Novice: 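Structure in structure tokens, see below.
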2 protein chains.
Amino acid sequence: MALRYALLGLLSERPASGYDLAKAFEGELGSYAWHAGHNRIYPELARLVDEGLIEHADEGARGRRTYAVTEAGRTELRNWLLTPRTGGAVRNEPVLRLFLLSALDPEDARKVLRDIADDSERQIAELGEAMAGDTPVSPDGRLPFGWLAAGYGLRQYEASHDWARWALGELDKVARRSPPSHS
Amino acid sequence: MALRYALLGLLSERPASGYDLAKAFEGELGSYAWHAGHNRIYPELARLVDEGLIEHADEGARGRRTYAVTEAGRTELRNWLLTPRTGGAVRNEPVLRLFLLSALDPEDARKVLRDIADDSERQIAELGEAMAGDTPVSPDGRLPFGWLAAGYGLRQYEASHDWARWALGELDKVARRSPPSHS
DNA sequence: ACTTTACCTATCCAAATTGACATATCCATT
DNA sequence: AATGGATATGTCAATTTGGATAGGTAAAGT
């Protein structure tokens with residue numbers, strides 16, 4: 001039930017076709033928040049049109065059809081965003097991996113943690129570069145889509161990095177207290 | 001396809017019944033990483049037994065049946081954890097909300113951001129308390145389940161908190177540059 | 001002794017989701 | 001003019017999922 005709001009949100013930034021929307025889900029949005037392929041997008045767009053939350057806006061080349069949010073759609077999205085949801089659906093494989101890390105023996109866990117630390121470091125560098133410079137301005141007094149999200153991503157990666165290094169330290173502590181069996 | 005690994009992971013900590021496992025998913029594991037109800041757990045346990053990844057361990061009162069991981073299951077879990085997966089399934093409603101925040105006008109966005117800041121502050125206090133004290137030790141040289149995860153959660157909330165306050169600042173900046181229309 | 005509560009496993013069905021398949025157009029290169 | 005790649009929309013069967021429902025046992029309270 002969250003896909004529809006993702007679509008409404010994307011369309012509220014600017015009108016787009018199903019294809020455009022599918023592209024959007026391949027970026028950070030799809031990697032960190034919610035993913036959907038075109039096979040789910042097209043049917044959902046049809047439903048949204050039925051319900052009057054979006055409307056057919058334009059026709060382009062190759063059968064391209066762009067959609068735009070209606071006033072009703074904007075209201076629906078706003079209501080959803082302003083209603084604090086307790087316990088929305090969470091299904092996050094990367095985080096599940098972290099939860100299960102204790103199932104590995106310390107050596108293996110260390111390897112995974114080092115990978116996480118390296119990876120997050122890389123992402124931090126990338127995002128930091130992308131966010132360098134001044135706050136971008138939008139003519140309508142809003143921050144551009146993605147700017148806030150990028151800031152969030154950056155902080156998440158920093159947190160992951162910190163955590164991985166801390167966890168490595170914790171493993172070391174435990175190792176010192178109860179050294180490996182071959183001793 | 002990740003549920004099975006969650007189950008293998010939980011069972012590798014200690015043998016448990018389907019009921020126990022369902023309970024485990026109601027805690028932090030289910031809130032932040034992956035959720036499953038008993039209606040999915042029982043069939044999956046049956047499949048895992050079929051495939052020889054877990055085995056029937058014990059029979060208790062009230063028809064209680066506990067399962068334990070087999071050597072094959074342990075290997076399967078280890079392989080999964082050590083194989084860095086690019087783009088595992090992510091479906092995270094709370095984060096989606098953050099991505100869509102730019103769709104709100106600044107006033108509404110501020111309200112949401114303040115809620116996030118308040119909420120994360122509360123969570124930080126809770127988790128910080130839970131983690132106070134020394135690193136817990138396990139007899140087998142492993143960190144107990146949940147300790148690493150709790151550390152991760154704490155850092156995530158701190159990142160959320162930072163982010164929300166930063167985002168509020170960004171909104172202020174934009175507001176100063178292009179003041180509200182009623183001016 | 002009786003009742004309530006927690007424990008414990010199980011299945012059914014509608015809805016959601018995925019992966020694979022299908023089709024067609026436009027554009028750039030050769 | 002032919003080829004190939006990116007654009008673009010759709011469908012369908014098989015699986016996964018979630019909500020509801022069902023039925024039973026042990027322990028604890030009264």
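Order of the sequence lines sets the chain letters (A, B, ...), proteins ahead of strands, with each chain counted from 1. The structure displayed is predicted, hence computed values, not measured ones.
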Novice: A:Tyr42 has an atom OH; how far is it from atom P of C:dT17, in whole Å?
Specialist: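 These atoms are roughly 18 Å apart.
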Novice: Please determine whether a side-chain nitrogen or oxygen atom of B:Ser17 lies at a distance below 4.0 Å from atom OP1 or OP2 of C:dC7.
Specialist: no
Novice: Using every non-hydrogen atom in the two residues, find where A:Leu81 and B:Leu100 come nearest and quote the distance to one decimal.
Specialist: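 In this case the closest contact between A:Leu81 and B:Leu100 is CD1-O, 3.7 Å.
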Novice: Could you state the atom-to-atom distance from CG of B:Leu45 to P of C:dT11 in whole Å?
Specialist: 12 Å
Novice: Any base atoms under 4.0 Å from B:Gly18, or only sugar-phosphate, or nothing? Heavy atoms, all strands.
Specialist: sugar-phosphate
Novice: Show the numbers, then the answer: is there a side chain to side chain contact (heavy atoms under 4.5 Å, CB included) between A:Leu98 and A:Val112?
Specialist: CA-CA 9 Å; A:Leu98 306 184; A:Val112 173; 5.8 Å; no
Novice: Between A:Ser12 and A:Leu77, which heavy-atom pair has the shortest distance, and what is it?
Specialist: OG-CD2, 4.2 Å
Novice: Over how many whole Å does the gap from B:Lys23 atom NZ to C:dC7 atom C1' extend?
Specialist: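 For the pair B:Lys23 NZ and C:dC7 C1', the rounded distance is 7 Å.
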Novice: Can you measure A:Arg4 atom CZ to C:dA15 atom P for me and round it to whole angstrom units?
Specialist: 15 Å
Novice: Test A:Arg122 against A:Asp118 for salt bridge (Lys or Arg N to Asp or Glu O under 4.0 Å), laying out the working first.
Specialist: CA-CA 6 Å; A:Arg122 216 173 301 119; A:Asp118 290 350; 5.4 Å; no
Novice: Can you measure B:Ile41 atom CD1 to C:dC8 atom C1' for me and round it to whole angstrom units?
Specialist: 12 Å
Novice: If you look at every heavy atom in B:Tyr32 and B:Gln123, which pair is closest and at what distance?
Specialist: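 The answer is OH-OE1, 4.0 Å.
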Novice: DNA chain C: A:Gly63 or A:His35, which has the more 5' nearest nucleotide?
Specialist: A:His35
Novice: Using only side-chain N and O atoms of A:Arg40, determine if any of them is under 4.0 Å from OP1 or OP2 of C:dG19.
Specialist: no
Novice: With a cut-off of 6.0 Å (strictly less than), are more than 12 heavy atoms of other residues, nucleotides or ligands near CD of A:Glu129?
Specialist: no
Novice: Would you mind telling me which residue lines up with the more 5' stretch of DNA chain D, B:Arg47 or B:His38, judged by nearest nucleotide?
Specialist: B:Arg47
Novice: What are the 5'-most and 3'-most nucleotides of DNA chain D lying under 4.0 Å from any heavy atom of chain A?
Specialist: D:dT7 to D:dG18
Novice: In whole Å, I'd like the distance from the CZ atom of B:Arg62 to the C1' atom of C:dA6.
Specialist: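 About 7 Å, once rounded to whole Å.
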Novice: Could you tell me if A:Arg4 sits above the aromatic ring of A:Trp80, with its cationic atom closer than 6.0 Å to the ring centre and no more than 45 degrees from the axis?
Specialist: no
Novice: With respect to the phosphate group of C:dC7, does any side-chain polar atom (N or O) of B:Tyr19 fall under 4.0 Å of OP1 or OP2?
Specialist: yes
Novice: Whole Å only: how far is the CG atom of A:Asn39 from the C1' atom of C:dT23?
Specialist: 16 Å
